[in-house]
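One structure below.
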Amino acid sequence: MTNRLPLNFFLRDVLEVAPGLIGKILARRFEDGRIERYRINETEAYRGMDDLACHASKGRTPRTEVMFRQGGTVYVYLIYGMYWMINIVVGEENVPEAVLIRGVEGVKGPGREGRVLKLDRTFYGENLATSQRIWIEDGEPVAVIKTSKRVGVEYSGQEWSEKLWRFYY
DNA sequence: GTAAGGATTGGC
DNA sequence: CCAATCCTTACT
């Protein structure tokens, strides 16, 4: 499987795209030309300005601006001063939705994943449909996808922290 | 249980 | 300007 997912894969509701990305392949071409592929096995959905766990719920800021654009682009941010998190912006313009890629096979934890992928601020706004250094390919479908509460969002209150918007297998 | 670390945000 | 906060990890 080496088919890059088309733009319209990302132009759907985040609650369809987040589970849909389980089993797909995150491909990365490094500076030296080496291409590595990682199977996605854990994602989380962040959905709109009403979702208090979503960074964009506090409004459109320089940090969250990319989430308001049309789907198919990358949203990266630095957390705890050391870890780059990668999210995929999805849906229509002006509706801030994104899928956090929390885990890939063989890598434990989203922070380590960002390190393995050698992410940095320059990936902010990267276009997944055209980028030569990061993209997503089709992969073997996963039979059973599990769900749970999202991790690390207790601060957003019961209504939002208890949504079963984490997907994994 | 908690320190590490840097950017973002909101308050003054 | 200042300080709290943070979609984490690794260590005791």
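Values reported hereafter were calculated over all heavy atoms of this structure, with side chains retained and with hydrogens, waters and symmetry mates removed. In what follows, every chain begins at residue 1, and chains take the letters A, B, ... in the order their sequences are listed. Just so it is clear, the structure is predicted and the values come from calculations on it, not from any experiment.
- Residue Glu65(A) contributes atom CD, which lies 16 Å from atom C1' of dT8(B) at whole-angstrom precision.
- Here the range on DNA chain C touched by chain A, meaning any atom under 4.0 Å from one of its heavy atoms, is dC6(C) to dA10(C).
- Set against dA4(B), dG6(B), dT9(B), the side chain of Pro62(A) has dT9(B) as its closest nucleotide.
- Under the 4.5 Å side-chain heavy-atom criterion for grouping Ile, Leu, Val, Met, Phe, Trp and Tyr, Tyr46(A) is not connected to Leu164(A) through any hydrophobic cluster.
- Across Cys54(A) and Pro96(A), no two heavy atoms sit closer than the pair SG-O, 4.1 Å.
- Checked for salt-bridge contact, Arg133(A) and Glu126(A) meet the test: a charged N lies under 4.0 Å from a carboxylate O.
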Practice task
Quick one: the dot-bracket string of DNA chain B, using Watson-Crick and G-U wobble pairs with both distances under 3.5 Å, [ ] for crossing pairs and | for bases paired to another strand.
Solution key: ||||.||||||.
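- Here CD1 of Ile88(A) is found 10.0 Å from CG of Leu5(A). Values are rounded to the nearest 0.5 Å.
- For the pair Glu137(A) and Ala27(A), the tightest heavy-atom approach, listed with the atom from each and the gap, is OE2-CB, 3.9 Å.
- Annotation: proximity of residues 144-157 of chain A to DNA chain B (heavy atom, distance under 4.0 Å) is found for no residue.
- Within the cation-pi definition used here (under 6.0 Å to the ring centroid, within 45° of the axis), Arg34(A) qualifies as a partner of Phe30(A).
- Classification of Glu44(A) and Arg102(A) as a salt-bridged pair holds, one side-chain N sitting under 4.0 Å from a carboxylate O.
- Annotation: salt bridge (charged side-chain N to carboxylate O under 4.0 Å, His left out) contacts involving residues 52-64 of chain A, sequence neighbours excluded, comprise Arg60(A)-Glu65(A).
- Summarising the geometry of Thr64(A) relative to Tyr124(A), their closest heavy-atom pair is C-OH, 3.9 Å, with the distance given to 0.1 Å.
- Each ring-ring contact (aromatic ring centres under 6.0 Å, His included) pair with one or both residues in residues 146-169 of chain A, not counting sequence neighbours, would appear here, but there are none.
- Using a 4.0 Å cut-off on heavy atoms, the residues of residues 97-123 of chain A that approach DNA chain B are Arg121(A), listed by number.
- Across every non-hydrogen atom of Trp135(A) and Gln132(A), the tightest pair is CZ3-O, 3.4 Å.
- Proximity of a side-chain donor or acceptor of Arg166(A) to a complementary backbone N or O of Glu42(A) within less than 3.5 Å is not detected.
- Hydrophobic clustering (ILVMFWY, side-chain heavy atoms < 4.5 Å, transitive): Ile25(A) and Leu119(A) are in distinct clusters.
- What separates OH of Tyr75(A) from C1' of dA7(B) is a distance of 11 Å, to the nearest Å.
- Of the side-chain N and O atoms in Thr61(A), none sit less than 4.0 angstrom from OP1 or OP2 of dT8(B).
- Met85(A) comes within 4.0 angstrom of sugar-phosphate atoms only, judged by non-hydrogen atoms across all strands, and of no base.
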